[in-house]
There are 2 protein chains.
Amino acid sequence: MSTTRPPETSSGPPGTGPPAPPRRRRVSMADVARLAGVSSQTVSRVSTGHPGVVPATREQVLTAMRQLGYRPNGAARALKYGEFRTIGVVLFTLATTGNSRTLEAIATCAAEAGYVITLIPVTTPTQDRVNGAFTRLGELAVDAVIVIMEVHLLDTATVVLPPDVHVVIVDSDAGERYCVVDTDQAHGARQAVHHLLDLGHRTVWHVAGPPESFAAERRALAWHGALREAGRPVPPLRRGDWSAEAGYRAGLELAEEPECTAVFVANDQMALGVLRAFHQRGRVVPRDVSVVGFDDIAEAGSFIPPLTTVHQDFAEVGRRCVEAALRQVRTGSTGTGTTLVPTRLVLRDSTAPPRRQR
Amino acid sequence: MSTTRPPETSSGPPGTGPPAPPRRRRVSMADVARLAGVSSQTVSRVSTGHPGVVPATREQVLTAMRQLGYRPNGAARALKYGEFRTIGVVLFTLATTGNSRTLEAIATCAAEAGYVITLIPVTTPTQDRVNGAFTRLGELAVDAVIVIMEVHLLDTATVVLPPDVHVVIVDSDAGERYCVVDTDQAHGARQAVHHLLDLGHRTVWHVAGPPESFAAERRALAWHGALREAGRPVPPLRRGDWSAEAGYRAGLELAEEPECTAVFVANDQMALGVLRAFHQRGRVVPRDVSVVGFDDIAEAGSFIPPLTTVHQDFAEVGRRCVEAALRQVRTGSTGTGTTLVPTRLVLRDSTAPPRRQR
DNA sequence: GGCACCGATGTTTACGTAAACATTGCCGGT
DNA sequence: ACCGGCAATGTTTACGTAAACATCGGTGCC
């Protein structure tokens, strides 16, 4: 152990290099042990809180630790233990409320379990990039991976997850192959449609999300199904990219449809755009048209008018993701199956019975 | 804890356990080396892309890697290299647009530099929790730390950062002690005030953020300063907690002030609430009152009316954070000083000259 | 033809930690 | 008084990787 360069740590000759500038190499257990006059194993025992160290010795070690500013080396621990106490999260974007709130919940829950989150952003959802993310995740120090993405890229066979990495997926239908946690999109959409029908509307129009999004498809499908089951006509579908601007464009079109008295918009941000379009065209919400959103973002209650919307419990989704991931880690199993988190309809002021027509 | 268990890997007597089902312990270089019939050092050379491996050998090793599904062990590498290629991010919440967008930018930039992000959420901003986060960060496998927080907890002396951890702070005035990157709050606020004054408004009212927020204070201070410099009266300040609901409450109060023709709101979400309050009270924006926000969130263009606001370049803030952090890591220095990212006023439809009064 | 050199590969070692095992010293029972 | 046993601490080793050094053929040069 000669590489360790001459100590020179303590007893810095007060005339050489005053502040000892280039200081590298973190203090290790060996350093603490030397200062405390014990073996490094005893330092380890103190560090990990193991019993069997007499108080006097423990105090001595703790003092040395403080003096040297010792902090355990995570890499060495991970190597020794064979686990990293880390969960990787792959996501395409944090720009959507849902993703960032889910991530926050995941991080919080993981922290409670003593795990931390490692983020792998995949900016362009092309196959190779996804593969890249996973290749790196494989090399990365993670015990499990949670994938938050709105497209079903994972369902194509070309994406290969490292076989011994535990995976939990949010927003997908790969429940047969992977462990999936998601909001109950279908139920939420049905709540929205039924609410509008119950108010007396003849049918419900829909502004859907982009077709690549599994959630968007699920909501659109459920909307369609609910109308069919109720024996109502199914108006033509509009699509947007989740943005308020897209909602605005769809809203301008809908404003031209005299038949349109009720709209279910696939997320709150597009609903904001729809509201603006109706406002601009003089279609008063909810007097002339009712609007229901999806997500219940924090601002929804401050739209004009406050938006009736389907509340997603992102915190719960995050919690279940972490639970599922840690269960897989602990049992060493590869779970499959889908966990659905229920939604809740939040009634505000953007819905009302239709005006008597004609 | 049976991670060790006897090798039994190679030379498996072809009759014992056919598929060797419970397989634990990831494949290591030694496994690959054995299968490829080379030394583990050669495997290492292939794995790290070092030259000096003849193509035939390299191919042999690669084949063995694929066959065994080898993936390098990040912990071992980190231990060997003494660095983790990881940046820790401490934050209080992801619920604000600014935080999540900054985080996304940080993650993206870090990824481009071959670094990943480890998240440490601190849910309650009490002293001990912050200390806890840093204690854990100290043990954690991070080369640097970026702190995103809206309160100036770090300025109190009781919070001690591990001395050898490189730190970059967003949203703080600790530039003398730490490296700080932030939006130029003061300039942004001045842009908003001057825009309104230039339109002809006699003065500008302000709805500020919570006093714990450094950004909120900076914006309020600049608003105050700009008015004083212009010789205008300074109306009483309203405060909110950044939420649209708080903005709504402040807006209801402002709607009662007949003098109030121009409002600068400290963020877009509160501005949304202000708009709703004015709408509800029949004060038409921008005919009766002009409103300017701050942040330029994605939805701002879809408010009713579309919101004139101060654009923050979160992506740039994130980029500079990563740059500063990596610079510190590379040079081994502890940087100080503040980097300000400029803002830009985005003109939309919520501002107009005042109606001729009286 | 011998030797110096170089390129390809193997061997040793260290990174920091903690489990497993070894060693001490003390106490209590017979 | 002796010894078993236990509590406190020390020593060895392994985790997976890669730098540093060692080895071994072959090749070119004189």
Side-chain angles (χ1 to χ4, degrees), chain A residues 1-5 24-61 64-65 68-85 138-141 143 164, chain B residues 1-7 9 24-34 36-61 64-65 68-85 138-141 143 164:
Chain A
M1 51 185 73
S2 51
T3 52
T4 49
R5 96 226 202 62
R24 233 40 313 247
R25 215 179 71 67
R26 277 172 51 160
V27 301
S28 74
M29 279 192 169
D31 302 319
V32 176
R34 211 172 304 124
L35 178 61
V38 298
S39 76
S40 68
Q41 182 54 37
T42 300
V43 178
S44 168
R45 278 190 268 256
V46 172
S47 175
T48 53
H50 272 234
V53 179
V54 89
T57 312
R58 157 170 275 112
E59 202 47 52
Q60 215 169 326
V61 171
M65 281 181 171
L68 265 49
Y70 168 78
R71 288 172 299 119
N73 182 315
R77 279 198 172 162
L79 177 58
K80 186 85 182 100
Y81 286 135
E83 64 169 23
F84 309 95
R85 301 199 74 78
E139 304 181 12
L140 241 43
D143 302 311
D164 53 345
Chain B
M1 305 306 144
S2 57
T3 47
T4 38
R5 111 230 216 47
T9 38
R24 231 38 317 247
R25 211 178 72 68
R26 277 173 50 162
V27 301
S28 74
M29 280 193 170
D31 303 320
V32 175
R34 214 171 301 126
V38 299
S39 77
S40 67
Q41 183 53 37
T42 300
V43 178
S44 168
R45 278 191 268 257
V46 172
S47 175
T48 52
H50 272 236
V53 181
V54 90
T57 313
R58 155 169 278 113
E59 203 47 54
Q60 214 170 326
V61 171
M65 280 180 172
L68 266 49
Y70 167 78
R71 288 172 299 119
N73 181 316
R77 279 198 171 163
L79 177 58
K80 188 84 179 96
Y81 286 136
E83 64 170 23
F84 309 96
R85 302 199 75 77
E139 304 181 13
L140 240 45
D143 301 311
D164 54 344

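Labels below follow one simple rule: chain letters A, B, ... track the order of the sequence lines, proteins then strands, and each chain is numbered from 1.
- What separates CE of B:M29 from C1' of C:dT12 is a distance of 16 Å, to the nearest Å.
- Residue order along DNA chain C, read from the 5' end via each residue's closest nucleotide, puts B:T57 first among B:T57 and B:A76.
- Atoms CZ (B:R58) and P (C:dG7) sit 16 Å apart, rounded to a whole Å.
- Candidate nucleotides C:dT17, D:dG10, C:dT11 were compared by shortest atom distance to the side chain of A:N73, and C:dT17 ranks first.
- The interatomic distance linking A:Y81 (OH) with D:dC15 (C1') rounds to 12 Å, in whole Å.
- In this structure, NE2 of B:H50 is placed 8 Å from C1' of D:dA18, rounded to the nearest angstrom.
- Here C:dG16 presents its P atom at 10 Å from CZ of B:F84, a figure rounded to the nearest Å.
- Between A:S40 and C:dT17 there is no side-chain polar atom (N or O) within less than 4.0 angstrom of OP1 or OP2.
- In this model, no donor atom of one side chain and acceptor atom of the other lie less than 3.5 Å apart for A:S39 and A:R34.
- OP1 or OP2 of C:dA18 sits under 4.0 Å from a side-chain N or O of A:R77.
- Put simply, A:R45 has no side-chain N or O that comes within less than 4.0 Å of OP1 or OP2 on C:dA18.
- Here the straight-line distance linking atom CG of A:N73 with atom CZ of B:F84 works out to 4.5 Å at 0.5 Å rounding.
- Side-chain contact, B:S47 with B:R77: a donor N or O sits under 3.5 Å from an acceptor N or O.
- Here A:V43 lies out of heavy-atom contact (under 4.0 Å) with every strand.
- Taking atom CD of residue A:E83 and atom P of nucleotide C:dT17, one finds them 17 Å apart after rounding to whole Å.
- Considering only heavy atoms from C-beta on, B:M65 comes within 4.5 Å of B:V46 through its side chain.
- Between B:Y70 and the phosphate of D:dT17, there is a side-chain N or O to OP1/OP2 separation shorter than 4.0 Å.
- Between A:V32 and A:L35 the shortest side-chain heavy-atom distance does not fall below 4.5 Å.
- At the heavy-atom level, B:T42 lies under 4.0 Å from the strands shown only through sugar-phosphate atoms.
- Protein atom CG of B:L79 is 17 Å distant from nucleotide atom P of D:dA14, rounded to whole Å.
- Taking atom CZ of A:R34 as the reference point, atom P of D:dG10 lies 14 Å away to the nearest angstrom.
- Taking every side-chain heavy atom of A:S28 into account, C:dT17 is the closest of C:dA14, D:dA8, C:dT17.
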